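Just below is one structure, and these are the notes that go with it.
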Number of protein chains: 2
Amino acid sequence: MEPIADKKKAIFISTMELVRDKGFHGTPMSMVAKHAGVAAGTIYHYFESKEQLITELFDYAQQQVIAVVEQETCAAIPFKDCFFNLWGGLYTFYQNNQNLLRFFEQFVNSPYSAARPPLEEDKFYTLLFAFFERGIQEGLLKEVSPKILATLTHSSVLSMAKLTGSGRLHLDRKELEQILQLIWDGIAFDR
Amino acid sequence: MEPIADKKKAIFISTMELVRDKGFHGTPMSMVAKHAGVAAGTIYHYFESKEQLITELFDYAQQQVIAVVEQETCAAIPFKDCFFNLWGGLYTFYQNNQNLLRFFEQFVNSPYSAARPPLEEDKFYTLLFAFFERGIQEGLLKEVSPKILATLTHSSVLSMAKLTGSGRLHLDRKELEQILQLIWDGIAFDR
DNA sequence: TAATCCCAATTGAATGTTCATTCGGTCTGC
DNA sequence: GCAGACCGAATGAACATTCAATTGGGATTA
């Protein structure tokens, strides 16, 4: 992963912040340029179009999330521990990266994402599917499609990060553990 | 609730469909007008501005969701049954109203909704809070803030409706029950 | 070492388009 | 013949994108 040229990174970050506050509409290229401290034309040196910029930014952001998943999913430690590490880690990451979270949520619900490869080819979801597959194999999780388990768990963690990130609620570590436990209780076998 | 003038309703529905497919950007007023079979000026007879149109449409759509909640939350039937009725009902409603669902998701993640009254004053969430409050009172649910329970449950149901609505997954009635049971297992006491 | 060249990076004013909104006028039911 | 509903061409602002001109620094040459 070659380091991204400084200006390109500045454009990414500015776009993310502006889209968070003002949406895709409401974020003219001229504003991105000013905010990033570059000329309008410079953006077009790096990106073909606004659409391309948004799409590449999504990929850039998603790589960061994937990095968290890869770091926290370790086949060497017990699955249940791994579950808490992974989802606690993802929650914390989203919580600390509200820009990214808000940009993400706008993107995936927008028509930009409709033109993208389907879930099955998405590296992020592939990793999550494999993770839950392991839990099922080990007989720890209910026999529910990994796609469903991944969707439910991820949406739960995302919604909590949105809630606490917006300042409408505070969670301390203990409460977070409690919520993860609650999700675990839902998907775990036997009970 | 007085019946909405025909043209106004046509404008609402057209806006919802167009926003679903093309987003807020990508949905010019001229297109709404053509799609609804009215003149551009007519829209401005009913709405002050595009922003006003979007905002009112959100309220209009939310009332439909609230109607489902009110219909399915009945203090007379056992809480657990009520839980399955309510969330099964909401899932089915979202599933059958993809336009509304997609519009909703775009709206709540956009800056339009930032200018809105906070969760606590929102009738929809007030109803949900009360619902979960009841479950806690009756000792059936874990002692977790109703705000958290509502957020987790709603986001789970929404994400499933998005998934099946997009055609990436099919759920029959039995599988839906299984998923609701899974959510219940997570939040219910004792186990 | 200095002079020269090359080219990618950068600039920002100019362009053409798209869009929200306006408004003078028409229609329709009463 | 009045009032509200409705029309749609016209207006002006905002925007994405282009491009001719400038910069700067690393390689090449003398």
Side-chain angles (χ1 to χ4, degrees), chain A residues 1-60 103 106-107 110-116, chain B residues 1-60 103 106-107 110-116:
Chain A
M1 212 186 303
E2 74 286 22
I4 292 171
D6 253 5
K7 301 240 162 163
K8 192 166 179 180
K9 192 167 185 180
I11 293 167
F12 273 156
I13 290 172
S14 295
T15 305
M16 203 147 70
E17 289 180 2
L18 288 167
V19 169
R20 175 199 60 191
D21 291 338
K22 298 162 183 299
F24 293 123
H25 60 298
T27 301
M29 295 295 258
S30 56
M31 201 182 285
V32 173
K34 188 186 288 187
H35 193 275
V38 304
T42 303
I43 299 180
Y44 288 87
H45 178 70
Y46 291 105
F47 305 97
E48 274 188 8
S49 64
K50 185 174 183 177
E51 175 157 352
Q52 185 97 174
L53 163 60
I54 301 278
T55 302
E56 276 192 40
L57 172 53
F58 177 76
D59 290 333
Y60 170 72
F103 169 78
Q106 292 201 47
F107 183 90
S110 81
Y112 287 119
S113 74
R116 312 224 81 221
Chain B
M1 213 184 302
E2 74 287 19
I4 292 171
D6 252 5
K7 301 238 161 162
K8 192 167 178 178
K9 193 167 184 178
I11 293 167
F12 272 157
I13 291 172
S14 295
T15 305
M16 205 147 70
E17 289 180 2
L18 289 168
V19 169
R20 174 199 60 191
D21 291 338
K22 298 163 184 296
F24 293 122
H25 60 298
T27 302
M29 295 296 258
S30 58
M31 201 182 283
V32 173
K34 187 186 287 186
H35 193 274
V38 304
T42 303
I43 300 180
Y44 288 87
H45 179 69
Y46 291 105
F47 305 96
E48 274 189 8
S49 64
K50 185 174 184 179
E51 175 156 352
Q52 186 96 173
L53 162 61
I54 302 277
T55 302
E56 276 191 39
L57 172 54
F58 178 76
D59 290 334
Y60 170 73
F103 169 77
Q106 292 201 47
F107 183 89
S110 80
Y112 287 119
S113 73
R116 312 226 79 221

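FYI, side chains are in, hydrogens and waters are out, and symmetry mates aren't considered; it's all heavy atoms of this structure. Not measured: the values here are computed from a predicted model. Each chain gets a letter, A, B and so on, in the order its sequence line appears, and its residues count up from 1.
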Crowded around A/Q52 CD? As in, over 12 foreign heavy atoms under 6.0 Å? yes
How long is the span from the CE atom in B/M29 to the CD1 atom in B/I43, to the nearest 0.5 Å? 5.0 Å
For the backbone of B/S110 and the side chain of B/S113, can you confirm whether one donor and one acceptor N or O come within less than 3.5 Å of each other? yes
Roughly how far, to the nearest 0.5 Å, is CG of A/L53 from OG1 of A/T27? 10.0 Å
Heavy-atom contacts under 4.0 Å between residues 43-55 of chain A and DNA chain C, which residues? A/H45, A/Y46
Nearest-nucleotide comparison on DNA chain D, the residue closer to the 5′ end among A/T27 and A/G41: A/T27
If you measure from CZ on B/F24 to NE2 on A/H25, what distance do you get to the nearest 0.5 Å? 7.0 Å
Test your reading of the model: is there a side-chain donor-acceptor pair from B/E56 to the backbone of B/F47, 3.5 Å cut-off? no
When rounded to the nearest 0.5 Å, the distance separating CG of B/D6 from NZ of B/K9 is 8.0 Å
Start and end of the DNA chain D segment that chain B contacts, any atom under 4.0 Å from a heavy atom: D/dA5 to D/dG8
Between C/dG12 atom C1' and A/K7 atom NZ, what is the distance in whole Å? 13 Å
Minimum-distance pair of heavy atoms, taken over all atoms of B/G23 and A/P111: N-CG, 3.3 Å
Heavy-atom neighbours of B/D59 CG exceed 12 at 6.0 Å: yes
Does anything in residues 14-23 of chain A come within less than 4.0 Å of DNA chain D? Heavy atoms only, and list the residues if so. none
So NE2 of A/H45 and NZ of A/K7: to nearest 0.5 Å the spacing works out to 10.5 Å
